[in-house]
Amino acid sequence: MYAQMVKSTGKGLKSRKEMTPEEGRFQDRIDAGEKIEPKDWMPDGYRQTLIRQIGQHAHSEIVGQLPEGNWITRAPTLSRKLILLAKVQDEAGHGLYLYCAAETLGVSRDELTEALHTGRMKYSSIFNYPTLTWADIGAIGWLVDGAAIMNQVPLQRTSYGPYARAMVRICKEESFHQRQGYDIMMKMANGTEAQRAMAQDALNRFWYPSLMMFGPSDKDSVHSAQSMAWKIKINTNDELRQKFVDQTVPQAEYLGLTIPDNDLKYNKKTGHYEFSDPDWTEFFEVLKGNGPCNRERLGARVKAWDDGAWVRDGLMAHAVKHSAKIAAE
Amino acid sequence: MTQQEALFEFLLRLGDTTLILGHRVSEWCGHGPVLEEDIALANTALDLIGQTQLWLGLAAEVEGKGRTADDLAYHRDAWDFRNLLIAERPNGDFGHTIMRQFLYDAWSSLILFRLSGSTDPGIAAIAQKAGKEVTYHLERSADLCIRLGDGTEESHRRMQDALDALWPYTGEMFLGDDADAVLVETGIAPDPDDLRADWDATVSRLESEGTLTLPDSSFAQTGGKTGRHSEHLGYILAEMQWLQRAYPGATW
């Protein structure tokens with residue numbers, strides 16, 4: 001998931017009457033469940049919305065390496081270290097296929113990277129929170145990847161072919177990530193007193209930021225209607241958040257951990273949990289750049305890019321020389 | 001020195017080197033110069049830590065004191081570590097990291113090839129598996145060192161700096177001692193010095209294709225193989241072993 005508050009056309013949903021004949025035919029294809037492929041005609045708004053959504057998703061995968069990478073050198077066993085390395089490597093791989101999917105819409109990876117670095121494009125708010133203990137690595141797998149899966153499973157059916165297909169592979173890997181996160185939490189929750197305390201503390205800190213991952217409430221979500229009509233978005237923010245809470249509360253109970261919400265209760269009539277909203281003021285502050293780690297995260301990415309400039313230039317220069325040599329032979 | 005002691009020593013040298021180098025490479029995670037390199041660096045670290053599990057697992061078995069690979073990795077202090085000094089060199093810029101990788105891979109691929117035919121079946125099996133991974137690592141690190149050596153003026157300068165800085169840490173790979181001699185005799189491991197000529201041939205590609213100049217010095221910094229390390233190892237272990245040390249008896 002990792003795409004929040006993605007702007008669509010900004011003009012609201014067009015009625016059938018307002019659509020041009022081309023737009024009407026396009027909407028018919030979407031409604032019939034057809035996949036849109038890169039060379040097909042598509043409204044500019046559809047293309048731009050997808051670029052923003054896929055780009056933000058890709059950026060989130062890349063920035064998401066940082067909070068987890070923070071613990072690779074301190075992983076407590078060789079096998080945990082291997083699993084975490086493999087997981088973070090998968091995240092970078094997800095970034096790679098998502099950038100490729102975005103490229104099919106006519107935007108280059110370098111352009112997207114530049115937009116991230118200059119703050120014109122965002123990444124998920126969740127990665128602006130710090131990973132303070134080893135239990136946070138468990139909590140990220142369990143809650144953050146869990147929330148991501150909620151959103152990404154339906155996106156396997158999204159209308160844009162390359163995005164839907166990238167999602168199929170990503171979802172398989174994410175579900176492995178979630179299991180490894182829960183496995184860390186199990187060990188911690190059933191471990192020593194200090195480990196249990198770390199596990200509870202991680203849940204306390206990651207619970208509300210995880211709920212924020214789904215984006216603002218539907219009533220405040222200005223861009224959803226158009227994206228849903230285009231099947232770029234399949235479920236509303238609130239539907240997904242509810243599904244996440246319903247799934248996660250019993251898992252927390254199984255771990256013997258307490259969800260940090262005094263008003264959390266199961267409603268027998270609806271079959272759903274009732275829960276408190278996250279602090280949306282905090283969410284908007286984090287999006288504005290005022291989360292605990294925004295500066296470090298973006299700063300680390302910009303530094304990696306700037307420090308790597310000589311490597312990229314060197315490789316390009318060699319490629320040019322090499323092809324000149326071949327041409328001369 | 002008994003054969004068992006020599007074998008334990010030898011396996012620690014292999015496993016500690018992959019562990020410490022894997023740790024260094026993993027420090028790059030999320031900070032690489034381009035996404036594909038981030039993935040490749042993580043993958044290299046992953047292979048090295050995987051090899052560590054095998055080498056240290058076998059070392060623990062040979063030792064026969066009921067320790068595990070994790071015990072060896074997380075509960076020994078610096079003087080018990082037997083890694084080559086080159087593994088603990090700081091990452092520096094990407095040029096240092098990839099040059100360190102190349103100088104190591106060139107040696108590692110040779111020793112693993114020889115160990116694939118070891119008279120010890122446990123060692124041969126690990127070497128065959130790890131050898132496949134290292135063949136790929138060498139292909140990548142050689143290619144990058146050559147391309148960056150013969151890239152821009154800046155990339156050439158940085159690669160030459162890296163080569164000059166790391167060169168004194170290569171000689172240790174080829175210096176044998178009593179432990180090596182015991183294993184050479186029984187056909188378990190090759191004489192370290194026997195690998196030198198082939199390593200020289202691989203590394204000479206830096207000159208012939210990478211336009212770099214190999215340092216004209218045979219001076220070698222030594223000590224890693226016998227537990228005398230640089231100041232860097234203590235910090236690596238402080239970070240790596242911290243959770244195990246701070247919460248004794250916990251399982252993770």
Side-chain angles (χ1 to χ4, degrees), chain A residues 58 62-82 84-86 88-93 95-96 99 109 113 133-134 184 187-188 190-192 194-195 198 297 300-301 303-322, chain B residues 19 22-43 45-46 49-50 52-53 56-57 68-70 72-74 93-95 98 144 146-159 210 236 239-244 246-247 249-252:
Chain A
I62 299 308
V63 177
Q65 293 181 91
L66 298 170
E68 293 185 283
N70 184 37
W71 278 89
I72 289 173
T73 55
R74 289 178 291 170
T77 68
L78 292 173
S79 128
R80 290 288 180 205
K81 196 187 284 286
L82 278 177
L84 185 56
L85 264 167
V88 178
Q89 189 194 8
D90 283 350
E91 311 290 6
L96 194 57
Y99 284 127
R109 201 205 302 177
T113 302
T133 74
W134 174 251
I184 292 177
K187 276 275 188 210
M188 304 289 284
N190 295 309
T192 64
Q195 285 177 305
M198 279 184 229
R297 299 287 188 249
R301 289 307 311 161
K303 184 175 188 307
W305 187 249
D306 291 348
D307 288 354
W310 72 268
V311 178
R312 299 189 301 274
D313 292 347
L315 296 177
M316 288 306 291
H318 180 83
V320 170
K321 280 188 212 177
H322 192 67
Chain B
L19 175 59
H23 179 102
R24 278 297 192 214
V25 177
S26 79
E27 290 172 358
W28 273 97
C29 202
H31 305 279
V34 66
L35 188 47
E36 284 81 352
E37 284 310 314
D38 244 335
I39 296 173
L41 287 162
N43 195 47
L46 193 60
I49 301 299
T52 303
Q53 276 189 316
L56 293 186
T68 62
D70 277 348
L72 293 174
Y74 288 93
D93 63 6
F94 182 78
I98 203 67
L144 282 168
I146 288 166
R147 285 157 67 193
L148 291 170
D150 184 24
T152 58
E153 210 172 296
E154 182 183 5
S155 73
H156 178 87
R157 173 180 61 75
R158 285 177 181 264
M159 295 313 286
I236 292 174
E239 188 171 342
M240 184 174 81
Q241 299 179 335
W242 168 68
L243 271 177
Q244 286 280 356
Y247 300 95
T251 53
W252 303 91

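Residue numbers start from 1 in every chain, and the chains themselves are labelled A, B, ... in the order their sequence lines are given, proteins ahead of strands.
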Asp38(B), part contacting chain A, at a heavy-atom distance under 4.5 Å: side chain

Least distance between heavy atoms, Leu66(A) atom then His31(B) atom: CD2-CE1, 3.6 Å

Best-contacting candidate, Gln244(B), His23(B), His156(B), against chain A by heavy atom pairs under 4.5 angstrom: His23(B)

Closest-packed option against chain A by number of heavy-atom pairs under 4.5 Å, given Leu148(B), Asp150(B), Ile146(B): Asp150(B)

Largest heavy-atom contact set with chain A, pairs under 4.5 Å, which of Met159(B), Arg158(B), Glu37(B): Arg158(B)

NZ on Lys81(A) to CE on Met240(B), rounded to 0.5 Å: 6.0 Å

Nearest heavy-atom neighbours spanning Thr77(A) and Trp252(B): CG2-CB, 4.2 Å

Engaged part of Trp242(B) at the chain A interface, taking heavy atoms whose separation is under 4.5 Å: side chain

Residues in salt bridge (Lys or Arg N to Asp or Glu O under 4.0 Å) contact with Asp306(A), at least two apart in sequence or another chain: none

Which of Thr192(A), Thr113(A), Val311(A) touches chain B most, by non-hydrogen pairs under 4.5 Å: Val311(A)

Atom group of Phe94(B) that falls short of 4.5 Å from chain A, counting heavy atoms: both

Chain B interface, residue from Glu68(A), Met198(A), Lys303(A), Glu91(A) that has the most non-hydrogen pairs under 4.5 Å: Met198(A)

Chain B contact via Ser79(A) - side chain, backbone, both or neither, heavy atoms under 4.5 Å: both

Option passing side chain to side chain contact (heavy atoms under 4.5 Å, CB included) with Ser26(B) (candidates Leu84(A), Val88(A), Thr73(A)): Thr73(A)

Best-contacting candidate, Gly314(A), Ala194(A), Ala317(A), against chain B by heavy atom pairs under 4.5 angstrom: Gly314(A)

For Ala75(A) against Tyr74(B), the heavy-atom pair lying closest together: O-OH, 2.8 Å

Test log, rule side chain to side chain contact (heavy atoms under 4.5 Å, CB included), inputs Leu82(A) and Gln53(B): CA-CA 10 Å; Leu82(A) 278 177; Gln53(B) 276 189 316; 3.0 Å; yes

Nearest-0.5 Å distance that lies between atom OG1 in Thr152(B) and atom CE in Met316(A): 12.0 Å

Any donor-acceptor N/O pair, Arg301(A) side chain to Gly30(B) backbone, under 3.5 Å: yes

Winner by heavy-atom pair count (cut-off under 4.5 Å) against chain B, out of Ala92(A), Gly93(A), Gly69(A), Pro76(A): Pro76(A)

Top contributor to chain A contacts, counting heavy-atom pairs under 4.5 Å, from Leu19(B), Leu243(B), Leu56(B): Leu243(B)

Side chain Glu239(B), main chain Arg74(A), donor-acceptor under 3.5 Å: no

Taking every non-hydrogen atom, the tightest pair across Pro33(B) and Gly308(A): CB-CA, 3.5 Å

Step-by-step side chain to side chain contact (heavy atoms under 4.5 Å, CB included) determination, Gln195(A) to Tyr247(B): CA-CA 9 Å; Gln195(A) 285 177 305; Tyr247(B) 300 95; 5.9 Å; no

Heavy-atom pair with the smallest gap, counting every atom of Glu36(B) and Leu96(A): OE2-CD1, 3.6 Å

Considering all heavy atoms, the nearest Gly151(B)-Lys321(A) contact: O-NZ, 2.9 Å

With Arg24(B) via salt bridge (Lys or Arg N to Asp or Glu O under 4.0 Å) - residues at least two apart: Glu27(B)

Side chain / backbone / both / neither for Ala250(B) at chain A, heavy atoms under 4.5 Å: both

Rounded distance (nearest 0.5 Å) linking atom CG of Leu85(A) with atom SG of Cys29(B): 6.0 Å

Donor-acceptor pair, side chain of Asp70(B) and main chain of Leu78(A), under 3.5 angstrom: yes

